[in-house]
Each structure stands twice: as C-alpha cells, then as structure tokens.
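Have a look at the structure below, then the notes.
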Amino acid sequence: MAKIIKVTDTEVSIAQDDSTIIKVPRASLEFEPSNGTLVEVYDTGEEVIVHLAESKKIADNLQDKININIVNENNNQQTQQQVVYAAGAGRWVNKWVYALLALFFGGLGAHHFYAGKIGTGFMYLLFSWTFIPALIGFFQGISAMLRQADTNGNILV
C-alpha cells in the first residue's frame with residue numbers, strides 16, 4: 001500500500017512501502033488526489049498506474065450511502081419534577097383540581113391543603129371569617145387556570 005505525500009499542480013509524489021518515492025503526472029490520475037490518501041501503485045514498465053486503495057473506495061461508498069437521523073424527544077419533565085421536590089420549592093398538582101378548589105373553597109384554604117401546604121391552609125382556615133382568604137383564593141384559582149400545564153396536566157404551586 002502506498003501513500004500520497006505531496007500534491008502539486010502538475011505532479012503527485014507517492015511514498016511506497018519500500019521507502020521509495022515515485023512521481024506521477026497529476027493528469028494521469030482518475031481521482032482527485034490529496035495528501036495522506038492510500039493508493040495502490042502498479043508499474044507496467046511503460047507507465048505507472050495509480051488507483052485508490054480498496055479500503056478508501058469502500059469507505060467513500062459507505063459514506064455516500066449511510067444516512068443516520070437521530071431524534072431526541074426527551075423533555076426531561078420527570079427530572080424537573082424530582083429536582084423541584086428535592087429542593088422543597090413546590091409541588092406538582094393537577095391544574096384543574098387545584099383551580100376549582102381555589103375558586104370554590106379558597107376561603108377555607110382547600111387548595112393549599114391539596115398542594116401539601118398545610119400551614120398556609122390552616123392560616124386561610126383561621127382567617128376565613130374575614131373573607132380575605134376567599135378573595136385571595138379566587139385570584140389564585142384564576143392564576144392557576146392561566147398557567148401552562150405539563151404533558152400530564154400538572155402545574156407547580
């Protein structure tokens with residue numbers, strides 16, 4: 001197996017296995033030469049015939065025929081939920097259950113009990129006689145309905 005070591009405008013230098021270097025006219029090649037290309041050299045006595053090595057031809061053919069498309073549709077939703085639970089920043093709850101509890105029973109803090117915020121739920125229950133928790137719960141229910149839910153219909157509260 002020989003290797004192209006130098007390419008000029010008019011000739012190509014090829015290093016053979018026996019450490020000899022031959023020069024052939026570039027025009028005599030049936031392919032576009034480039035440095036480092038493996039070639040097969042045949043000397044008939046009258047002329048030198050140079051062909052691409054078979055491994056190079058096979059690799060070029062495979063490169064032309066192989067087409068790989070990789071589609072990754074992983075949305076990492078489950079990973080995001082696990083991280084949020086670990087951080088204690090909130091909880092994922094069903095959007096519509098939370099919104100309806102906030103609209104109809106927000107004054108009693110039902111939506112906070114549902115979301116696992118027991119302390120806040122008791123505060124709403126304690127001050128329910130002032131109707132302030134009912135007003136806040138109404139706005140929290142509207143806010144929950146306007147939030148974007150994940151693929152399972154859950155929101156972070």
Side-chain angles (χ1 to χ4, degrees), residues 1-9 11-17 19 21 26 29-41 50-157:
M1 196 71 58
K3 188 183 222 181
I4 297 177
I5 57 172
K6 183 177 179 184
V7 179
T8 65
D9 291 338
E11 67 181 9
V12 176
S13 299
I14 300 172
Q16 294 185 337
D17 291 335
S19 300
I21 296 176
R26 186 173 181 166
L29 301 178
E30 296 177 2
F31 60 92
E32 184 61 34
S34 62
N35 289 339
T37 302
L38 295 177
V39 293
E40 295 174 349
V41 179
V50 179
H51 288 283
L52 280 175
E54 288 300 318
S55 61
K56 176 70 174 161
K57 289 179 186 177
I58 292 170
D60 287 344
N61 287 339
L62 287 177
Q63 188 175 9
D64 292 339
K65 293 179 183 176
I66 295 175
N67 184 12
I68 299 174
N69 292 326
I70 299 173
V71 178
N72 184 1
E73 295 179 359
N74 184 6
N75 63 5
N76 293 327
Q77 187 63 39
Q78 184 178 9
T79 306
Q80 291 173 356
Q81 288 181 6
Q82 290 172 352
V83 170
V84 171
Y85 283 133
R91 183 170 177 193
W92 291 90
V93 296
N94 185 283
K95 173 182 177 175
W96 294 107
V97 172
Y98 181 84
L100 291 174
L101 285 173
L103 287 174
F104 294 109
F105 300 107
L108 301 174
H111 59 297
H112 287 291
F113 286 112
Y114 173 68
K117 299 179 179 179
I118 306 301
T120 307
F122 276 120
M123 291 298 289
Y124 272 59
L125 194 57
L126 181 67
F127 291 101
S128 63
W129 61 274
T130 64
F131 296 106
I132 293 172
L135 184 64
I136 296 171
F138 176 78
F139 287 115
Q140 287 176 332
I142 298 296
S143 172
M145 286 191 290
L146 296 175
R147 287 189 208 160
Q148 181 70 32
D150 67 0
T151 56
N152 298 322
N154 298 327
I155 57 173
L156 180 66
V157 292

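Count residues from 1 along the sequence. Values in this document were obtained by computation on a predicted structure and should not be read as measured data.
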Give a yes or no on whether Phe113 atom CZ has more than 12 heavy-atom contacts from other residues, nucleotides or ligands under 6.0 Å away. yes
When you compare the side chain of Tyr114 with that of Val157, does any pair of heavy atoms fall below 4.5 Å?
no
In this structure, CZ of Arg91 is separated from OH of Tyr98 (nearest 0.5 Å) by 12.0 Å
| query | Any chance CZ of Phe31 has more than 12 other-residue heavy atoms, nucleotides or ligands included, within less than 6.0 Å? | reply | yes
Residue set satisfying side-chain hydrogen bond (donor to acceptor under 3.5 Å, both in side chains) with Thr8, at least two apart, ordered chain then number -> none
Those residues at least two apart in sequence (or on a different chain) that pass side-chain contact (heavy atoms from CB on, under 4.5 Å) with Met145 are Trp96, Ala99, Leu103, Ile142
Practice item. Determine, stepwise, if the pair Gln148 / Lys95 fulfils side-chain contact (heavy atoms from CB on, under 4.5 Å). Key: CA-CA 9 Å; Gln148 181 70 32; Lys95 173 182 177 175; over 6 Å; no
Output for pair (His111 NE2, Ile136 CD1), nearest 0.5 Å, gives 8.5 Å
Between Ser128 and Gly107 the two heavy atoms that sit nearest each other are CB-O, 3.1 Å
Those residues at least two apart in sequence (or on a different chain) that pass side-chain contact (heavy atoms from CB on, under 4.5 Å) with Asn35 are Ile4, Val7
Across all chains, not counting sequence neighbours, the side-chain contact (heavy atoms from CB on, under 4.5 Å) partners of Phe127 are Met123, Thr130, Pro133
Contacts of Ile5 meeting side-chain contact (heavy atoms from CB on, under 4.5 Å) (sequence neighbours excluded), chain-then-number -> Ser13, Ala15, Ile21
Requested in this report: Spell out, as yes or no, whether a donor-acceptor pair under 3.5 Å connects the side chain of Arg147 to the backbone of Leu156.
Outcome: yes
Shortest non-hydrogen pair, Ala102 vs Gln140, comes out as CB-C, 4.3 Å
Scanning both residues in full, the closest heavy-atom pair of Ile155 with Ala149 reads CG2-CA, 4.0 Å
*Sub-4.5 Å side-chain heavy-atom contact between Leu100 and Phe104*: yes
>> Looking at Asn154, is its backbone amide N or carbonyl O close enough to the side chain of Asn152 to form a donor-acceptor pair, meaning the two atoms are under 3.5 Å apart?
In response: no
Contacts of Glu40 meeting salt bridge (Lys or Arg N to Asp or Glu O under 4.0 Å) (sequence neighbours excluded), chain-then-number -> none
